[in-house]
Amino acid sequence: MTVRAIFFLASLVLIASDAAAQVDPFEFEVYPYQTLGKGVAEFESLNSFVPSGHSHGDAGTSSGDFASHAMYRTAFEFSYGLTDHVEGAAYLNLAHPNAESFQYAGAKFRFRGSLFEQGELPVDFGWYLELDWHRTPQFDQSQLELELKPIIEKDIGRFEIDLNPIFEKAVFVGPNKNKGLEFGYAAGIYYDWMRSFSPGLEFYGGIGLIDDNDPLAQQQHYIFPVLKGAFPNGIEYSFGPGIGLTRGSDRVITKFNVELERFIGSLF
């Protein structure tokens, strides 16, 4: 069962790579089918650090002037369950370049939803729509970006397999507004060992524009061995090191995400 599950995930990732938005270093997270329940609020801190990256800007996970090496990034996210099948969220992104202070690096707003009831189809489907507002060329040259992720989930015994193909487009303003769609992926396979402690593998990557792919050596592809879990007090975590698989990737990235869920009641 383990070999079959890993083979299945690898096949999905390769399919995404044939068609694959650039890696978002503020959000190393793979989204499952399940959304927050109505009236549930979630506070999350998403963190990453690059101990071994590139020494100049616009390389690796850097899309601006600062080098990716020794870059620490954090995103604060607030999500809320609008219904049992739709949630909304807002993010504040901050970054700490090497030898610099914390700086504002942009904001994001998104909606995520699930389609059909879980288990109704052989594969569970969801959707994700995001607007990124940067206005921080030192971190990202694209001022306004629209992102769409189909969410695909399949449970096989104790294994959970999640795939998030990513379509991304710079819109309306900025130097990249006339460029086409980018395509990338986030994917994960997890072994449901126990609720508080489960191992997994996550994959992130991007190949640039769909109609003008970057050369393979310049693309970014990462694999993360991760541990994740949830405690009875509502705190969930996910952490692990990421290894770059191409020259265009940062060599090593670490991620540590912590989230807290609480029911606060319906606002609408």
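Values reported hereafter were calculated over all heavy atoms of this structure, with side chains retained and with hydrogens, waters and symmetry mates removed. This is a predicted model, so every value here is computed, not measured.
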Looking only at heavy atoms, which two atoms of [X] and [Y] are closest? And how far apart?
X	Y	value
Arg247	His54	O-CE1, 3.3 Å
Tyr204	Val23	C-CG2, 4.4 Å
Asn47	Ser45	ND2-OG, 2.9 Å
Lys38	Ser266	CE-OG, 3.6 Å
Pro241	Pro225	O-CD, 3.1 Å
Tyr80	Gly39	OH-CA, 3.5 Å

Rounded distance (nearest 0.5 Å) linking atom [atom1] of [X] with atom [atom2] of [Y]:
X	Y	atom1	atom2	answer
Ser62	Asp140	OG	CG	9.0 Å
Gln220	Thr61	CD	OG1	6.5 Å
Phe231	Leu260	CZ	CG	12.5 Å
Ile253	Ser48	CD1	OG	6.5 Å
Glu145	Leu131	CD	CG	9.5 Å
His85	Thr35	NE2	OG1	7.0 Å

Gln218 and Thr246: side-chain contact (heavy atoms from CB on, under 4.5 Å), yes or no, with the steps?
-> CA-CA 7 Å; Gln218 298 177 21; Thr246 62; over 6 Å; no
Check the surroundings of atom NZ in Lys179: do more than 12 heavy atoms from other residues, nucleotides or ligands lie under 6.0 Å from it?
-> no
Taking NZ, NE, NH1 and NH2 as the nitrogens, is one of them in Lys149 or Glu130 under 4.0 Å from a carboxylate oxygen of the other?
-> no
Taking NZ, NE, NH1 and NH2 as the nitrogens, is one of them in Lys108 or Asp24 under 4.0 Å from a carboxylate oxygen of the other?
-> yes
If Ile, Leu, Val, Met, Phe, Trp and Tyr residues are connected whenever their side-chain heavy atoms lie under 4.5 Å apart, and connections chain through other members, are [X] and [Y] in the same group?
X	Y	answer
Leu146	Trp133	yes
Ile243	Phe256	yes
Ile264	Leu36	no
Ile223	Phe239	yes
Phe76	Phe49	yes

Hey, does [Y] have a side-chain heavy atom less than 4.5 Å from the side chain of [X]?
X	Y	result
Tyr191	Ser198	no
Gln34	Glu153	no
Arg73	Leu94	no
Glu147	Lys169	no
Asp124	Ile152	no
Pro199	Tyr190	no
Asp132	Glu168	yes
Phe66	Gln103	yes

Ser79 pairs by side chain to side chain donor-acceptor pair (under 3.5 Å) with which of Arg110, Glu44, Glu259?
->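 Among Arg110, Glu44, Glu259, the one that satisfies the side chain to side chain donor-acceptor pair (under 3.5 Å) with Ser79 is Arg110.
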Test side-chain contact (heavy atoms from CB on, under 4.5 Å) applied to Glu27 and Tyr91, step by step | CA-CA 10 Å; Glu27 191 176 18; Tyr91 298 73; 3.0 Å; yes
Counting distance only, does the side-chain N/O of [X] pair as donor-acceptor with the main-chain N or O of [Y] below 3.5 Å?
X	Y	result
Tyr237	Ser196	yes
Arg112	Glu87	no
Arg251	Gly53	yes
Glu100	Pro97	no
Lys228	Gly200	no
Asp214	Gln219	no

In sequence, state the C-alpha distance, the side-chain angles, and the governing distance for Glu29 and Glu202, and then conclude on side-chain contact (heavy atoms from CB on, under 4.5 Å).
-> CA-CA 8 Å; Glu29 184 167 24; Glu202 293 180 350; over 6 Å; no
How would you list all residue pairs meeting ring pair (Phe, Tyr, Trp, His ring centres under 6.0 Å) that involve residues 105-130, not counting sequence neighbours?
-> Tyr31-Tyr128
Decide yes or no on side-chain contact (heavy atoms from CB on, under 4.5 Å) for Glu77 and Leu46, but give the supporting numbers first.
-> CA-CA 8 Å; Glu77 173 192 354; Leu46 303 112; 3.7 Å; yes
Scan side-chain atoms only and decide if Ser238 and Asn257 contain a donor-acceptor pair under the 3.5 Å cut-off.
-> no
Strictly under 6.0 Å, is that where the ring centroids of Phe203 and Tyr185 end up?
-> no
Verify the ring-centre separation between Tyr104 and Phe139: is it less than 6.0 angstrom?
->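 No; Tyr104 has its ring centre 6.0 Å or more from that of Phe139.
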In terms of ring plane angle, is the pair Tyr222 and Phe224 parallel, tilted or perpendicular, where the classes change at 30° and 60°?
-> tilted
